[in-house]
Amino acid sequence: MTMTILFVDDELPLQRVINLKFKKKIRAKEWEFVFAQNGVEALAKIKEYPQISMVITDINMPEMDGLTLLGELPSIDSNLKAIVLSAYSDMRNIRTAMNLGAFDFVTKPIDFQDLEVTINRTLEYVEQIQDNQKKLHHAQAQLISSEKMATLGQLVAGVAHEINNPLTFIVGNLDLAEEYVTDLIHHLQLYQKQFEHPGAAIKENEGAIDLNFLLEDLPQIMIIMREGTELISQISTSLRVLARSDTQVRVAFNIHEGIDSSLMILKHRLKANEQHPDIEVIKEYGELPLVKCYPGQLNQVFMNLIANAIDALEESNKGYSFAEIKTNPNKITIHTEVLENNTGVVIRIKDNGIGMSAELQQQVFQPFFTTKAVGKGTGLGLSITRQLVEEKHGGKLRCISSPGMGTEFVVEIPIN
Ligand SMILES: Nc1ncnc2c1ncn2[C@@H]1O[C@H](COP(=O)(O)OP(=O)(O)O)[C@@H](O)[C@H]1O
Ligand SMILES: [Mg+2]
């Protein structure tokens with residue numbers, strides 16, 4: 001990785017000397033220098049090049065001196081370390097610089113060997129800090145997600161189980177109720193045939209309850225109620241599939257069942273509302289074998305990717321009317337296939353939402369990176385997804401996207 005070093009000095013010829021003295025490192029792409037001539041310019045460069053790892057600064061410069069610049073650095077990035085350049089006689093400034101948090105100093109006129117050693121030491125330190133920070137974020141993300149998933153998993157499995165009991169009462173008795181209703185209707189029809197003039201009270205009641213409509217409607221109602229219970233039972237099955245996070249052993253799993261369960265859980269977000277028509281879900285399922293995996297974790301992967309796709313579609317809908325969206329509908333395409341050499345399966349989840357720039361794509365897998373409003377995004381979805389796919393399953397996660405053209409996430413999971 002190339003380390004970027006900001007060199008701040010108002011003596012212009014120094015820039016050439018630096019490039020010359022360190023040309024080996026620069027050619028090998030180990031180091032890269034960015035130059036500024038005073039503190040104000042330096043701050044602008046830090047904004048322009050966020051990859052800058054360290055600063056080397058002179059003290060006496062016009063507009064903003066090195067000491068003032070040093071004072072500004074911590075508020076921009078506390079990891080940014082600085083080396084100050086100063087005449088040996090200038091002990092006072094060197095002390096002040098060190099007290100302001102400078103990492104080290106090099107005396108002027110510059111001894112380039114000493115400068116190289118000092119830069120190396122500083123960069124090593126910076127790298128170590130960055131490395132530690134990455135590990136910390138990783139661990140934090142893992143903790144949060146595993147804890148959340150464990151509690152959520154238990155809750156969901158419990159609820160699914162509790163729903164099932166009363167559901168069996170209804171489903172079991174619906175069969176009987178349907179039978180009884182048919183029998184009763186038949187019986188009533190027999191009466192009507194036998195007794196064409198049943199008397200005024202019965203005739204009057206017939207009108208009051210609109211008997212003909214009732215007889216027509218009742219079987220329909222039974223059908224709708226049955227559909228309702230089927231839906232509840234599907235949801236309950238989906239919840240149990242989703243909650244199945246048997247992290248101990250790999251089991252043979254039907255990937256399509258996992259995707260369908262995730263879709264079922266996200267159904268309320270796919271349905272039309274005041275802002276948008278239904279989000280079209282296009283399933284291009286191939287013939288997949290059962291895959292040995294951790295089903296709970298893969299389900300989490302599908303949930304994360306589909307939820308992100310929905311977010312991206314909602315974002316792309318902003319500023320468009322319901323009718324306009326209808327002519328260019330929101331779509332999520334889910335494509336599955338077996339890899340050519342039969343070693344793995346591929347799941348592609350594609351949306352026609354806002355898409356991502358190349359720059360954004362570089363950042364989205366970092367823990368806690370989000371472009372969503374506070375409370376909406378956690379920035380953990382993709383970092384966890386990558387961890388689950390690559391570390392837990394030895395698979396691959398890729399992203400194909402450009403702004404305005406939608407996004408496709410490609411998940412590859414080895415079959416064994
Ligand atoms: N399908 C997508 N289309 C466009 N941007 C996406 C998509 N998926 C993820 N992103 C971007 O990646 C960021 C990180 O995603 P994620 O890690 O799931 O966190 P969160 O969804 O909480 O923001 C999102 O904030 C968004 O900017
Ligand atoms: Mg997300």
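All of these numbers come straight from a predicted model, not from anything done at the bench. Read the numbers this way: they start at 1 and go in the same order the structure lists the ligands and their atoms.
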> Which residue supplies the protein heavy atom nearest to atom 23 (O) of ligand 1, what is that atom called, and how far is it?
Replying inline: T370 OG1, 2.5 Å
>> Any carboxylate oxygen within less than 4.0 angstrom of a Lys/Arg side-chain nitrogen, looking at E280 and K331?
In response: no
> Starting from atom 27 (O) of ligand 1, which protein heavy atom do you reach first, and at what distance in Å?
Replying inline: T371 OG1, 2.5 Å
> Under 4.5 Å between any side-chain heavy atoms of H137 and F368, yes or no?
Replying inline: yes
> For atom 14 (C) of ligand 1, which protein heavy atom lies nearest, and how many Å away is it?
Replying inline: F369 O, 3.4 Å
> Considering all heavy atoms of both residues, which atom of I279 and which atom of R269 are nearest to each other, and what is their separation?
Replying inline: CD1-O, 3.7 Å
>> Salt bridge check, E315 against K372: does any charged N sit closer than 4.0 Å to a carboxylate O?
In response: no
> Which residue supplies the protein heavy atom nearest to atom 18 (O) of ligand 1, what is that atom called, and how far is it?
Replying inline: N308 ND2, 2.8 Å
> side chain to side chain contact (heavy atoms under 4.5 Å, CB included) with N173: which of D175, V171, L176, I170?
Replying inline: L176
> Which heavy atom of the protein is the closest neighbour of atom 21 (O) of ligand 1, given with residue, atom name and distance?
Replying inline: K372 NZ, 2.6 Å
> Any heavy atom of G379 sitting closer than 4.0 Å to ligand 1?
Replying inline: yes
>> Is it the case that over 12 heavy atoms from other parts of the model lie below 6.0 angstrom from the CD atom of Q51?
In response: yes
> Can you tell me the protein heavy atom closest to atom 10 (N) of ligand 1 and the distance?
Replying inline: M356 SD, 4.0 Å
>> At a threshold of 2.8 Å, where the distance has to be below it, does the Mg ion (ligand 2) have an N, O or S atom of T370 nearby?
In response: no
> When you look for heavy atoms under 4.0 Å from ligand 1, do you find them on the side chain of T385, its backbone, both, or neither?
Replying inline: neither
> Taking non-hydrogen atoms only, is T407 closer than 4.0 angstrom to ligand 1 via side chain, backbone, both or neither?
Replying inline: side chain
> Hey, what's the ring geometry for F35 with F33, parallel, tilted or perpendicular (30° and 60° as the breaks)?
Replying inline: parallel
> If you measure from each heavy atom of F409 to ligand 1, is any distance below 4.0 Å?
Replying inline: yes
> What residue and heavy atom of the protein are closest to atom 17 (O) of ligand 1, and at what distance?
Replying inline: L382 N, 2.7 Å
>> So, 4.0 Å and heavy atoms of N304: is ligand 1 close enough to count as a contact?
In response: no
> So among L313, N330, L270, which one has a side chain to side chain contact (heavy atoms under 4.5 Å, CB included) with H276?
Replying inline: N330
> Among protein heavy atoms, which lies nearest atom 13 (C) of ligand 1, and at what distance?
Replying inline: V364 CG1, 3.8 Å
> Is R121 atom CZ crowded by more than 12 heavy atoms from other residues, nucleotides or ligands, each under 6.0 Å away?
Replying inline: yes
>> A side-chain contact here means heavy atoms from C-beta on lying under 4.5 Å apart; do K283 and L263 qualify?
In response: yes
>> S383 versus ligand 1: do any nitrogen or oxygen atoms come within less than 3.5 Å of each other?
In response: no
